[in-house]
There are 2 protein chains.
Amino acid sequence: MRKASPGLSEKQLGAYFALAEVSSLLQYAVAEHLRIDGDLSYVQFQVLARLVDAPGGKLRMTDLADGVVYSRSGLTYQARLLDQRGLITRSPSPDDERSVMVAVTDAGRDLVAQVLPGHVDRVRQLLFEQLTSDDVIVLHKVLGRARDHMRAAPPRSAKPRARRNRTG
Amino acid sequence: MRKASPGLSEKQLGAYFALAEVSSLLQYAVAEHLRIDGDLSYVQFQVLARLVDAPGGKLRMTDLADGVVYSRSGLTYQARLLDQRGLITRSPSPDDERSVMVAVTDAGRDLVAQVLPGHVDRVRQLLFEQLTSDDVIVLHKVLGRARDHMRAAPPRSAKPRARRNRTG
DNA sequence: TATTGTTATACTCTATAACTATA
DNA sequence: TATAGTTATAGAGTATAACAATA
């Protein structure tokens with residue numbers, strides 16, 4: 001592992017491991033806070049956050065599934081939980097009657113607003129506290145580029161149906 | 001979310017979201033490969049990788065739990081699975097008879113060696129393919145600093161017992 | 001008393017397949 | 001036929017609490 005691998009340089013391996021560990025620690029800390037402070041799982045928070053961010057506070061189920069969870073049924077499960085708590089509503093799309101539009105409710109927005117400061121606080125303490133603003137800019141630039149690249153390739157909610165050749 | 005938050009700047013939020021999405025996409029892709037190629041979950045691979053990396057190929061259960069999983073019982077569960085497949089062994093520590101030393105077997109090393117090239121390949125394709133070597137160096141430096149900071153704080157396997165003041 | 005690890009148990013989450021309905 | 005979503009179901013994983021054993 002630590003020795004020079006055939007595919008990745010020492011530097012690359014180090015960067016990869018650092019990324020993996022940082023995101024793991026960060027996600028764990030943040031998830032703990034969300035649970036305590038808002039009784040939300042990380043996935044549920046992501047769903048709400050995406051909706052708050054979306055124009056009109058609305059998104060189709062499939063778009064949500066692509067962004068957050070990796071199966072339609074998984075999102076249906078989470079959406080039911082959020083629906084039962086009154087944090088979102090689900091209604092048939094006027095454009096396409098097959099689609100379901102998910103919308104944040106006021107209660108959902110309130111909960112996000114309630115949870116966000118503490119969330120942001122943890123992130124700042126853990127990740128940004130001793131990063132310079134140059135670090136942040138570079139991080140944003142480099143990871144943003146990686147994200148765009150990675151977004152381009154993968155299907156996801158489509159995969160269970162489109163059944164592509166499995167490598168193994 | 002996208003508006004200026006009280007705690008994080010626009011740049012910081014962007015960096016945070018990019019980090020979250022990159023690591024999520026990366027982990028998903030890598031986990032899929034590990035499952036197909038070696039019938040290993042991501043956690044199981046991490047356990048094996050840490051052992052391969054450790055001096056003598058051995059670590060205590062608690063040290064493994066701190067590094068990988070977040071509860072002792074969770075690690076016991078994973079360790080049993082790996083043990084049953086002959087990838088690790090568990091034996092009482094000679095130093096402290098309460099402790100259990102976990103050691104990779106040859107089969108475990110072989111499996112890591114078998115899986116690693118494809119793993120590394122995916123990481124390179126998804127993450128490094130269009131990053132410059134300067135990007136990688138900066139990423140390593142910045143994330144490494146963040147990791148060291150985050151490592152300093154958290155308990156984890158200790159938490160369930162040492163029961164510290166909960167923030168919420 | 002504190003620490004290490006296991007076990008029993010309950011719960012959350014995710015994915016697969018089968019199904020309905022619309023395009 | 002293809003797409004959108006739900007449901008039933010089964011499996012993996014995790015955490016909590018209670019436990020035994022050692023320091």
Would you kindly check whether a donor in the side chain of [X] faces an acceptor in the base of [N], or vice versa, at under 3.5 angstrom?
X: S73(B); N: dT16(D); value: yes
X: S99(B); N: dT3(C); value: no
X: T62(A); N: dA4(D); value: no

Q12(B) side-chain N/O to S9(B) backbone N/O, donor-acceptor pair under 3.5 Å: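 Yes.
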The side chain of [X] lies closest to which of these nucleotides: [options]?
X: D96(A); options: dA23(C), dT7(C), dG5(D); value: dA23(C)
X: M61(A); options: dG13(D), dT6(D), dT14(C); value: dT6(D)
X: Q44(A); options: dT14(D), dC13(C), dG5(D); value: dC13(C)
X: R98(A); options: dG13(D), dT16(C), dA4(D); value: dA4(D)
X: R72(B); options: dA15(C), dA4(D), dT6(C); value: dT6(C)

Both E97(A) and Y77(B) contact DNA chain C. Taking the nearest nucleotide for each, which residue is further toward the 5' end?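 It is Y77(B) whose nearest nucleotide is closer to the 5' end.
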L64(B) near the nucleic acid: base, sugar-phosphate alone, or nothing, with a heavy-atom cut-off under 4.0 Å?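 Nothing, no nucleic acid heavy atom in range.
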Considering every strand and a 4.0 Å limit on heavy-atom distances, what is the contact class for S41(B): base, sugar-phosphate, or nothing?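 If one applies the 4.0 Å heavy-atom cut-off, S41(B) turns out to touch the sugar-phosphate alone, with no base involved.
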Q44(A) side, atom CD; L82(A) side, atom CG - distance, nearest 0.5 Å: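 If we round to the nearest 0.5 Å, Q44(A):CD and L82(A):CG are 5.0 Å apart.
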Presence of R90(B) side-chain N/O under 4.0 Å of dT6(C) phosphate oxygens OP1/OP2: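 Answer is yes, contact under 4.0 Å.
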